[in-house]
There are 2 protein chains.
Amino acid sequence: MARSSTRDEILRVATERFARFGYKGTSLQDIAAGVGCSKATLLYHFAGKEAILQELVAPAVRDLAELVARLQTLDDRTVPGAAIDGFVDLVLRYRHEVSLIYDAIPQFQHEPAFESVRPHTDLLRAALTGRSGDPAGVIAAEVLLAGIAGVAIDDERDAARLRPALIAVARRALIPPPDKD
Amino acid sequence: MARSSTRDEILRVATERFARFGYKGTSLQDIAAGVGCSKATLLYHFAGKEAILQELVAPAVRDLAELVARLQTLDDRTVPGAAIDGFVDLVLRYRHEVSLIYDAIPQFQHEPAFESVRPHTDLLRAALTGRSGDPAGVIAAEVLLAGIAGVAIDDERDAARLRPALIAVARRALIPPPDKD
DNA sequence: GTCTATAAACAGATAGAC
DNA sequence: GTCTATCTGTTTATAGAC
């Protein structure tokens, strides 16, 4: 498996444009211009605009599922730290795709390629709170999930520099310091 | 000042649809259907789709400017707490509008109605960090700003219940606990 | 596999009747 | 102030030549 070029280039340009201007804000024309081909060529390689989106997010959705499955094996005490590390790594590995998923979820949440995202982020949120169910903790976890994803879209910044800062803020916000009595 | 009805109803429906599906994801047709009138009626009351957007965000942008101006008068020690309280209140007062501003900024940041948003959020971010300029602190502030705005869009939840939880997570993440030596 | 040409649907916006 | 009808441009997608 290797040679394809045009197909890969379409995916590369589409990922970048979708993340910058949103799914609705990017036309096939825009992508074709970026690739240097015609719209018809795009639609030779993909069944439609939505098929490009689905192929784009598939690896990120798959890795989210893997992360959540791995977290299920941990106990309530160790799971928040692992969830933080895992989510930050996921988001930095798929910066463009994650922001695109946030963008497209309102429209495509019931499409096959997206239907697992909501339940998995629910489990991830539960893992971040040590499955405590505490309402304030749940809200804190949501703030961190949305915030980390929102910051990661800005790919001007070096992932290696971003990673420790994102992990640090999440730990400070979500993991209570040990009692001092 | 009182009677108008149709015009107010257009703004109400547009705010809700823009927040749910994004500016690009909402057509004049969608808004007209929600209001129960024709597209032509929309365009009698407003110069165009963008004019609806601008009128929608104006109060939120104005209050953001007021908040930032007020924060400028505070010293570096007290400013982070005031910035957190002020931003949470702003976001809860304009839940739909704030998420809409996040959505529309990439496209309209240079339009008159939006041009003050970036500089003001820069000042707000600086206020959240006590103007320390510490890179990790700046990233933490961005995570909290984006995360709080992201959570506030979900208006299923009671603002009175959300407020203390949002303030608590922001304080925990952004304001270092007093030294214990 | 890639192109040009074109279809079909939809967008925002206007004209003019009521 | 609201409507129907229409214009114009853009969108996704297809047909068919090369």
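In the text below, chain A, chain B and the rest are named by the order of the sequence lines, each starting its count at 1.
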Quiz item: For the atom pair CG (A:Leu71) and CZ (A:Phe87), what is the distance rounded to the nearest 0.5 Å?
Solution: 11.5 Å

Quiz item: Where each residue is assigned the nucleotide of DNA chain D containing its nearest heavy atom, which of A:Asp30 and A:Leu43 is assigned the position nearer the 5′ end?
Solution: A:Asp30

Exercise. Find the distance A:Ile10:CD1 to C:dG1:P and express it as a whole number of Å.
Key: 11 Å

Practice problem: Identify, residue by residue, the members of residues 13-29 of chain B with a heavy atom below 4.0 Å from DNA chain C, and return them in order of residue number, or none. | Solution: B:Thr26, B:Ser27, B:Leu28

Quiz item: Looking at residues at least two apart in the chain, or sitting in another chain, which of them share a ring pair (Phe, Tyr, Trp, His ring centres under 6.0 Å) with A:Tyr23?
Solution: A:Phe18, A:Phe108

Quiz item: A:Arg7 and A:Glu55: salt bridge (Lys or Arg N to Asp or Glu O under 4.0 Å), yes or no, with the steps?
Solution: CA-CA 11 Å; A:Arg7 200 188 141 89; A:Glu55 185 146 334; 2.2 Å; yes

Self-check item: B:Leu42 CG - D:dG1 C1' separation (whole Å)
Solution: 13 Å

Which protein N or O atoms sit under 3.5 Å from an N or O of nucleotides 4-9 of chain D?
none

Exercise. Please indicate whether A:Arg62 has more than 12 foreign heavy atoms, meaning atoms of other residues, nucleotides or ligands, lying under 6.0 Å from its CZ.
Key: yes

Quiz item: Can a side chain N or O of A:Thr6 be found less than 4.0 Å away from OP1 or OP2 on C:dT2?
Solution: yes

Exercise. Using only side-chain N and O atoms of A:Tyr44, determine if any of them is under 4.0 Å from OP1 or OP2 of C:dT2.
Key: no

Quiz item: Looking at side-chain heavy atoms only, is the closest gap between B:Ile175 and B:Ile84 below 4.5 Å?
Solution: yes

